[in-house]
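Single-structure report; data block below.
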Amino acid sequence: LPPGSCRAFWGWLNAVFNKVDHERIRAVGPDRAASEWLLRCGALVRYQGSPKWQQDYNGLPTGPLGKYKIEAIDATDSCIMYRGFDYLDGLEHVTDIRLEKCMYIQDECLQRLSETSNLQRSLQRLKIISCGNVTDRGILALHKLTNLEYLYLSDLPGIKEKETTFRVLQQALPNLELELDLE
């Protein structure tokens with residue numbers, strides 16, 4: 001194999017994993033379809049009323065449509081990318097998202113996240129850790145998440161204007177608890 005072709009293949013495969021299937025969303029409901037997307041990409045989900053993280057795609061619970069509502073998403077080391085974010089639109093109960101070591105998460109993803117009206121209502125806690133493509137622009141975009149109570153930012157080398165960015169964010173979201181672990 002020529003050098004780089006393996007990475008290109010994985011990039012292509014990850015893009016396939018992130019392709020949104022609107023038929024599937026209609027057929028099984030937004031939470032089930034999003035669960036399938038997230039687990040395919042290597043993320044974990046936790047449902048309302050359950051302490052257990054779901055990580056096995058084949059072990060996804062079955063039940064009546066809409067029985068399992070995603071409450072938390074842990075996307076650590078996952079390959080979620082912008083094109084999959086349509087899956088988030090129908091989720092009404094997500095309070096918690098962790099984006100850690102997500103190589104495809106960049107500013108556009110955070111903008112998209114903050115423009116998702118259901119997440120504007122439900123999301124309370126967000127952690128963004130070691131996502132090298134995130135810059136000040138992405139962090140500033142989070143100001144639309146008006147119910148966000150806690151934001152943890154760590155190891156984000158793309159953030160250059162720390163003081164300004166955080167001041168602006170704090171002004172936009174006065175109730176936000178901002179925890180920083182940045183160089």
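Using a 4.5 Å heavy-atom threshold, the side chains of Asp181 and Leu153 count as separate. When side chains are defined from C-beta on, Ser114 does not count as touching Leu119, because their heavy atoms never get closer than 4.5 Å. Looking only at side-chain heavy atoms (C-beta outward), Leu44 and Leu38 stay at 4.5 Å or farther from each other. Two residues are said to be in side-chain contact when any heavy atoms from C-beta on lie closer than 4.5 Å; Asn18 and Val16 fail this criterion. Using a 4.5 Å heavy-atom threshold, the side chains of Glu149 and Asn175 count as separate. Using a 4.5 Å heavy-atom cutoff, the side chains of Leu91 and Asn118 are not in contact. Taking the side chain as every heavy atom from C-beta outward, Tyr104 and Asn133 never approach each other to under 4.5 Å. A heavy-atom distance below 4.5 Å is not found between the side chains of Thr165 and Lys160.
Remark: side-chain polar atoms of Asp136 are paired, donor with acceptor, to backbone N or O of Glu161 under 3.5 angstrom. Between the side chain of Arg32 and the backbone N or O of Pro61 there is at least one donor-acceptor pair closer than 3.5 Å. Of the possible polar contacts, one joining the Arg83 side chain to the Ala15 backbone as a donor-acceptor pair under 3.5 Å is found. Within the 3.5 Å criterion, the main-chain N or O of Gln120 finds a donor-acceptor partner in the side chain of Asn147.
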Q: Carefully, step by step, assess Tyr68 and Thr62 under the rule side-chain hydrogen bond (donor to acceptor under 3.5 Å, both in side chains).
A: CA-CA 9 Å; Tyr68 294 95; Thr62 52; over 6 Å; no
Q: List the steps, then state whether side chain to side chain contact (heavy atoms under 4.5 Å, CB included) holds for Ile139 with Leu169.
A: CA-CA 8 Å; Ile139 299 305; Leu169 198 58; 3.9 Å; yes
Q. Run the side chain to side chain contact (heavy atoms under 4.5 Å, CB included) check on His143 and Gln171 step by step: do they pass?
A. CA-CA 9 Å; His143 76 274; Gln171 280 167 346; over 6 Å; no
**Q.** Derivation of the side chain to side chain contact (heavy atoms under 4.5 Å, CB included) call for Leu126 and Tyr152
**A.** CA-CA 6 Å; Leu126 177 60; Tyr152 178 76; over 6 Å; no
Q.
Determine whether Tyr47 and Lys69 satisfy the following criterion, side chain to side chain contact (heavy atoms under 4.5 Å, CB included), listing intermediate values before the conclusion.
A. CA-CA 5 Å; Tyr47 297 114; Lys69 302 288 187 196; 5.7 Å; no
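Around CD of Glu115, the count of heavy atoms belonging to other residues, nucleotides or ligands within 6.0 Å exceeds 12.
A continuous path of Ile, Leu, Val, Met, Phe, Trp and Tyr side chains, each step under 4.5 Å between heavy atoms, connects Leu60 with Ile70, placing both in one hydrophobic cluster. Under the 4.5 Å side-chain heavy-atom criterion for ILVMFWY residues, a single connected hydrophobic cluster contains both Leu99 and Leu176. Hydrophobic cluster membership differs between Met81 and Ile128, with clusters built from Ile, Leu, Val, Met, Phe, Trp and Tyr side chains linked at under 4.5 angstrom. Linking Ile, Leu, Val, Met, Phe, Trp and Tyr whenever their side-chain heavy atoms come within less than 4.5 Å puts Leu88 and Ile97 in one cluster. A continuous path of hydrophobic side-chain contacts links Leu178 to Leu113 [ILVMFWY only; heavy atoms under 4.5 Å].
Rounded to the nearest 0.5 angstrom, Asp74 CG and Lys127 NZ are separated by 9.0 Å. From Arg121, atom CZ reaches atom OG1 of Thr116 across 10.5 Å, with rounding to the nearest 0.5 Å. Atom NZ of Lys67 is separated from atom CD of Gln48 by 13.0 Å, given to the nearest 0.5 angstrom. Rounded to the nearest 0.5 angstrom, Phe85 CZ and Cys109 SG are separated by 4.5 Å. Here CZ of Arg98 is found 13.5 Å from CD1 of Ile73. Values are rounded to the nearest 0.5 Å. With rounding to the nearest 0.5 angstrom, the CD1 atom of Ile129 is 8.5 Å from the CG atom of Leu156.
Partners of Tyr82 by ring pair (Phe, Tyr, Trp, His ring centres under 6.0 Å), not counting sequence neighbours: none found. Qualifying ring pair (Phe, Tyr, Trp, His ring centres under 6.0 Å) partners for Phe166, counting only residues two or more places apart in sequence or in other chains: none.
A donor-acceptor pair shorter than 3.5 Å cannot be found between the side chains of Gln124 and Tyr150. A donor atom on one side chain and an acceptor atom on the other are not found under 3.5 Å apart for Arg46 and Ser50.
Clustering of Ile, Leu, Val, Met, Phe, Trp and Tyr by side-chain heavy atoms under 4.5 Å joins Leu140 with Val168.
Taking the six-membered ring for Trp and thresholds of 30 and 60 degrees, Tyr87 and Trp37 have nearly parallel ring planes, at less than 30 degrees apart.
Minimum heavy-atom separation, Ser130 to Asp155: OG-OD2, 2.6 Å. Between Ser122 and Glu92, the closest heavy-atom pair is CB-O, 3.6 Å. Between Arg40 and Lys19, the shortest heavy-atom contact is NH2-O, 4.4 Å. Here the shortest heavy-atom pairing between Leu148 and Arg125 reads CD1-N, 3.9 Å. Residue Cys131 comes nearest to Cys102 through the heavy atom pair SG-N, 3.8 Å, listed as atom of the first residue, atom of the second, then distance. The minimum heavy-atom distance linking Ala43 with Ala75 is given by the pair CB-CA, 3.7 Å.
Comment: Glu108 does not engage Arg112 in a salt bridge, judged by the lack of any side-chain N to carboxylate O separation of less than 4.0 angstrom.
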